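Heads up, the thing below is written out as structure tokens.
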Amino acid sequence: MRSDEWSVHWDLLIQNWKAVGAQSSPQSSDPLMDLTPSKGSQLLCSQCARSSRTIPRLPLSSANTAWRYYASEATNPSPSEPSSSTTTPPPPPVTSNLPKSPNPYRIKSGVILSRPPILTRDPTPFESAFYLYQKRLNERLTAPFRREFYYKPDSAADLDFRIKLKERHGVPAKDIGRYNPRGRMAWNDEVMIGSTTSSWEYMYERLLKDAEVRVSEDGEPIPEEERVPVERPMPRRTEADEKNDVRRLDRALDKTLYLVVKKGEGENAVWGFPEGPVLTEEALHETAARVLAESAGINMNTWIVGRVPIAHHVIKPEFEPADANGEQRLVKRGEKIFFLKGRIMAGQADLTDNKHGLTDFQWLTRDELRKVLPYEYWWSVRNSFDLR
Amino acid sequence: MSTSLLPSFRGLASRLLSRPFAFTSTLALTQQCRALSTTSSTQAPPGAQTKAEKKEREKKKKGRGEQQRDPKIINMLKHFAVLSPRRIPPPLRMGRNRYLRHWTIHRAWMLWLRKQREERERNWMRQWQSMYAACEELRLTSGPGTREEGYLYRVAMEKKGVYGLNPIPIEYARPQVETPPKQAWNHDWKR
């Protein structure tokens with residue numbers, strides 16, 4: 001009973017299989033395989049034409065056209081359709097009507113010149129709390145600190161350390177607050193809600209205070225008014241930050257700054273990245289370097305990263321409406337702007353005697369760029385920026 | 001002679017008593033001085049005395065109790081004793097609620113790491129897509145001037161100089177730090 005059903009089903013399957021195979025490739029004897037890419041085809045690159053690849057056909061799929069292989073497409077080009085449409089995408093309809101007109105697009109190369117962040121980002125409250133938590137757990141797990149091993153007994157350094165250790169209530173670590181992993185309260189290793197022990201400001205203060213010398217070379221404690229404070233590190237927010245001086249490069253040190261320039265005066269002024277037309281004998285990266293030097297001066301230590309554009313912006317050309325012959329006349333050429341990535345290591349932009357009609361420049365972060373750049377322009381380049 | 005005297009003194013006394021004082025010479029003096037530090041030198045002849053002294057010295061060398069150790073070595077040994085596995089504190093022991101809190105903190109941290117990682121990867125994908133779209137546009141572009149289609153793309157794909165000696169300027173190798181230097185940026189750099 002069951003075996004009969006199976007055999008009928010199998011027969012049907014085989015019949016379908018043969019029928020489909022005969023349909024798909026009538027000239028080949030093997031219905032399953034079709035491995036005859038014509039060698040030296042015009043539509044393949046030379047490497048693909050040399051290698052004969054085997055393409056298994058799905059026997060039961062009636063839609064051979066749904067599975068488009070590059071090679072299979074190339075093997076059976078239908079004679080009616082033009083050969084160029086398979087590999088190259090269709091040209092824009094407007095330009096196809098005008099085969100002999102000049103290129104409707106002007107090609108430009110720009111540079112997104114950025115200053116990488118100098119500072120690490122601020123730790124989030126969760127991160128700093130977690131670091132403190134881990135430090136205290138580490139205190140629970142490590143061997144006790146032996147002062148005698150690290151300091152010669154009764155030397156000035158030893159006396160100094162003893163004074164500081166006493167002020168820290170016997171905690172050898174400098175930045176974990178008051179916690180003794182070996183005492184009666186060893187279990188109490190979590191800070192309360194609202195405690196500032198985990199903030200990095202608190203840790204900075206503690207470390208700076210701890211670095212003060214408390215004992216003179218003779219081993220006598222220095223009174224409070226005679227102690228020399230340690231030189232403090234520079235603040236993370238600089239003077240340019242406070243003034244919001246967008247032309248300075250020592251601003252927003254934990255973010256990337258991008259150079260934007262203003263073209264034109266008055267109401268027609270447009271902000272954008274430095275860009276210029278590509279000459280016939282130039283490649284994109286050469287144009288980018290040249291344009292940067294022409295527009296923002298040579299006194300910048302820059303580096304164009306690679307030759308590959310990281311973003312592009314296309315301005316469509318404008319045409320007159322079609323006349324009786326169906327031909328359109330170009331009114332205004334469009335632009336294709338390709339942006340390369342540049343980094344600045346030192347120096348400052350200088351717009352004096354620039355050749356591109358620039359009047360102003362700014363160094364802006366990503367969020368500030370969004371407000372300054374035209375919307376379409378911003379939309380084209382928005383994906384090329386870094387996280388911060 | 002009383003019995004409370006040390007044996008060496010006893011020997012010294014007996015010798016002083018037995019031998020005439022005028023007999024002293026340099027040799028005899030040295031023998032007497034040696035005799036001060038030995039215990040049973042009275043009965044032994046002079047040759048046997050030196051042998052006994054040698055044995056005594058060897059004993060002192062081997063004996064541990066009388067040897068003085070360098071305090072630095074003692075300090076280090078104490079330190080190693082503290083660092084020994086027996087003295088290292090045990091693994092963390094936590095109560096139930098404390099452990100549950102620890103677990104929560106750990107999961108939150110892993111979640112945070114994952115969020116950061118995914119954000120980073122998403123950004124890389126965005127940037128890659130931006131490059132890809134730009135390259136595709138470049139491939140379909142003819143020009144500049146009389147150049148054929150895809151010329152600029154082929155030039156952009158060249159890797160000339162990428163594997164050379166100075167592919168990346170050394171000034172670019174600047175790590176991020178927590179606080180800025182005194183001069184955060186060199187605005188006056190001149191070419």
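All values reported here derive from a predicted model rather than from experimental measurement. Chain naming here is simple, since letters A, B, ... match the order of the sequence lines and numbering starts at 1 in each.
Of the two parts of Arg101(B), only the side chain, counted from C-beta on, holds a non-hydrogen atom closer than 4.5 Å to a non-hydrogen atom of chain A. Of the atoms belonging to Gln183(B), not a single heavy atom falls under 4.5 Å from chain A. Contacts between Leu152(B) and chain A at a heavy-atom distance below 4.5 Å involve the side chain alone, from C-beta outward. Contact annotation for Ile88(B): only side-chain heavy atoms (C-beta onward) come within less than 4.5 Å of a heavy atom of chain A. With a 4.5 angstrom heavy-atom cutoff, Glu158(B) touches chain A via backbone and side-chain atoms both.
Remark: Phe130(A) CZ to Trp112(B) CH2 distance equals 12.5 Å, nearest 0.5 Å. Here the straight-line distance linking atom CE of Met94(B) with atom CZ of Arg140(A) works out to 5.0 Å at 0.5 Å rounding. Annotation: the span from Asn75(B) atom CG to Tyr150(A) atom OH amounts to 10.5 Å, rounded to 0.5 Å.
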Contacts under 3.5 angstrom, residues 159-173 of chain B side chains, donor-acceptor by atom type, not counting sequence neighbours:
| unit_1 | atom_1 | unit_2 | atom_2 | d |
| --- | --- | --- | --- | --- |
| Lys159(B) | NZ | Met157(B) | O | 2.9 |
| Glu171(B) | OE2 | Asn301(A) | ND2 | 2.7 |
| Tyr172(B) | OH | Arg343(A) | NE | 2.9 |

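Residues of residues 249-259 of chain A lying within less than 4.5 angstrom of chain B, judged on heavy atoms, are Leu249(A), Asp250(A), Leu253(A) in numerical order.
Between Glu231(A) and Lys182(B) a salt bridge is recorded (basic side-chain N to carboxylate O distance below 4.0 Å). In this structure, Arg98(B) pairs ionically with Asp189(A), as a charged nitrogen and a carboxylate oxygen lie closer than 4.0 Å. The pair Lys336(A)-Glu137(B) meets the salt-bridge criterion, with a side-chain N (NZ, NE, NH1 or NH2) lying under 4.0 Å from an Asp/Glu carboxylate O.
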